[in-house]
Amino acid sequence: MALTPSIMHELGSSAPAFALPATDGRMVRLDDFAATPALLVAFMCNHCPYVKHIRDGFVAFAREYQARGMAVVAISSNDASAHPDDSPEMMKVEADQYGFNFPYLHDETQEIAKAYRAACTPDFFLYDNRKGLAYRGQFDGSRPGNGVPVTGASLRDAADAVLDGETVSTDQFPSIGCNIKWRPGNEPAY
């Protein structure tokens, strides 16, 4: 496990297009969310201890904010051949076991992770109704072993602002987690 911070991209940048298979077999595309007031794209995986640490809180967050109109998708881009716990079959088990009420997508080529410049799991990208980046960073300040409760406070503040039509604070902190497990020779330059 290589401890990796997320990349703090330029706010306002457009959401890169994607078309990826979900654990339920359907294809999910960025265009599916054209009419939503907010879209959260979360890069995660099954085996990362940082994702496991916030998983229950994230699933509850997704349920709560989807009820307010925000769309949520999660993407796993890890090399499943080297990390079989992150295979599409195991992603389906994870989604079913933990009650994911959002699409969990598999990025086998890792091209979508590169397009988003995702660096770690978890890595969060919140877009406004024009699909401009409003927030990138941590779920909250909780990390495995630091004793800080999992609340989702950082992402909640940003999501509340986007859904209320307000400006999101630019005082944002990177997510910290495991590096995305790139296929050998497929590592990005960033």
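Residues take their numbers from the sequence shown, with the count starting at 1.
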### Message
With clusters defined by side-chain heavy atoms of hydrophobic residues (ILVMFWY) lying less than 4.5 Å apart, directly or transitively, does Val59 cluster with Met91?
### Response
yes
### Query
Do the side-chain N and O atoms of Asp79 and Ser81 include a donor-acceptor pair separated by under 3.5 angstrom?
yes
### Task
Decide salt bridge (Lys or Arg N to Asp or Glu O under 4.0 Å) for Arg68 and Asp164; before the verdict, give the C-alpha distance in whole Å, the side-chain angles of both, and the deciding distance to 0.1 Å.
CA-CA 10 Å; Arg68 294 183 56 195; Asp164 293 341; 3.5 Å; yes
#### Entry: Straight-line distance of Ile75 CD1 to Gln110 CD, nearest 0.5 Å
12.5 Å
### Message
Is there a continuous path of hydrophobic side-chain contacts, each under 4.5 Å between heavy atoms, that joins Tyr104 to Val28?
### Response
no
### Gln172 versus Ala134, closest heavy-atom pair with distance
NE2-O, 3.2 Å
### Message
Any side-chain to backbone donor/acceptor pair from Asp123 onto Ser6? Under 3.5 Å, distance only.
### Response
no
### Query
So Phe102 and Phe100, would you call those rings parallel, tilted or perpendicular, with 30° and 60° as cut-offs?
parallel
### Task
To the nearest 0.5 Å, tell me how far Cys48 SG sits from Asp85 CG.
12.0 Å
### Task
Can you measure from CD1 (Ile180) to CD (Glu187) and round to the nearest 0.5 angstrom?
12.0 Å
### Message
Whether the side chain of Ser87 engages the backbone of Met90 through a donor-acceptor N/O pair (distance < 3.5 Å, no angle test) should be reported.
### Response
yes
### Query
Regarding Asn46 and Lys52, is there a side-chain donor-to-acceptor distance under 3.5 Å anywhere?
no
### Query
According to a 4.5 Å side-chain heavy-atom criterion applied to Ile, Leu, Val, Met, Phe, Trp and Tyr, with indirect links allowed, do Leu11 and Tyr127 form part of one hydrophobic cluster?
yes
### Query
Nearest heavy-atom pair of Ala74 and Met44: which atoms, and what distance?
CB-SD, 3.5 Å
### Query
Between the main-chain N or O of Glu108 and the side-chain N or O of Arg183, is there a donor-acceptor pair closer than 3.5 Å?
yes
### Query
Are the side chain of Asn146 and the backbone N or O of Arg143 linked by a donor-acceptor pair below 3.5 Å?
yes
### Message
Please verify the inter-ring angle class for Phe125 with Tyr116; under 30° counts as parallel, over 60° as perpendicular, anything in between as tilted.
### Response
perpendicular
### Face-on cation placement of Arg55 at Tyr98 ring, 6.0 Å and 45° thresholds
yes
### Message
Quick check against the 3.5 Å criterion: does Arg117 have a side-chain atom that pairs as donor or acceptor with the backbone of Tyr190?
### Response
no
## Note on the structure
Closest non-hydrogen atoms of Pro49 and Cys178, given as atom of the first, atom of the second and distance, are CD-SG, 3.6 Å
### Query
Just by distance, with hydrogens left out, do Gln138 and Ser154 show a side-chain donor and acceptor under 3.5 Å apart?
yes
#### Entry: Intermediate values then yes/no, side-chain contact (heavy atoms from CB on, under 4.5 Å), Tyr50 and Thr121
CA-CA 7 Å; Tyr50 290 85; Thr121 55; over 6 Å; no
### Message
Using every non-hydrogen atom in the two residues, find where Pro103 and Ala22 come nearest and quote the distance to one decimal.
### Response
CB-CB, 4.5 Å
#### Entry: NZ/NE/NH1/NH2 to OD/OE distance under 4.0 Å, Asp31 and Arg29
no
### Message
To the nearest 0.5 Å, what is the distance between CZ on Arg136 and NE2 on His9?
### Response
8.5 Å
### Query
What residue among Leu163, Val72, Leu40 forms side-chain contact (heavy atoms from CB on, under 4.5 Å) with Tyr65?
Leu163
### Query
Does Tyr135 belong to the same Ile/Leu/Val/Met/Phe/Trp/Tyr cluster as Val150, with side-chain heavy atoms less than 4.5 Å apart forming each link?
yes
### Message
If only side-chain N and O atoms count, and only distance matters, is there a donor-acceptor pair under 3.5 Å linking Ser77 with Asp107?
### Response
yes
### Task
Establish whether Val73 and Leu126 are linked, either directly or via other cluster members, by ILVMFWY side-chain heavy-atom contacts under 4.5 Å.
no
### Task
Check the pair Leu39, Leu30 against side-chain contact (heavy atoms from CB on, under 4.5 Å), reporting the backbone distance first and the verdict last.
CA-CA 9 Å; Leu39 169 65; Leu30 176 66; 3.5 Å; yes
### Task
Identify the two heavy atoms, one from His106 and one from Ala80, that lie closest to each other, and give their separation to 0.1 Å.
NE2-CB, 4.4 Å
#### Entry: Close aromatic pair by centroid cut-off 6.0 Å: Phe124 and Phe58
yes
#### Entry: Least distance between heavy atoms, Ala159 atom then Met70 atom
CB-SD, 4.1 Å
#### Entry: Stepwise side-chain contact (heavy atoms from CB on, under 4.5 Å) test for Val51 and Phe43
CA-CA 10 Å; Val51 173; Phe43 286 85; over 6 Å; no
### Task
Can you measure from CG (Asp128) to CD (Glu166) and round to the nearest 0.5 angstrom?
13.5 Å
### Task
Give the ring-plane orientation class for Phe33 versus Phe18, where under 30° counts as parallel, over 60° as perpendicular and anything between as tilted.
tilted
### Task
Could you give me the CA-CA distance, side-chain angles and deciding distance for Val168 and Val162, then say whether side-chain contact (heavy atoms from CB on, under 4.5 Å) is met?
CA-CA 7 Å; Val168 178; Val162 168; 3.5 Å; yes
### Message
Can you tell me how far apart CG (Leu155) and CG (Asp140) are? Round to the nearest 0.5 Å.
### Response
9.0 Å
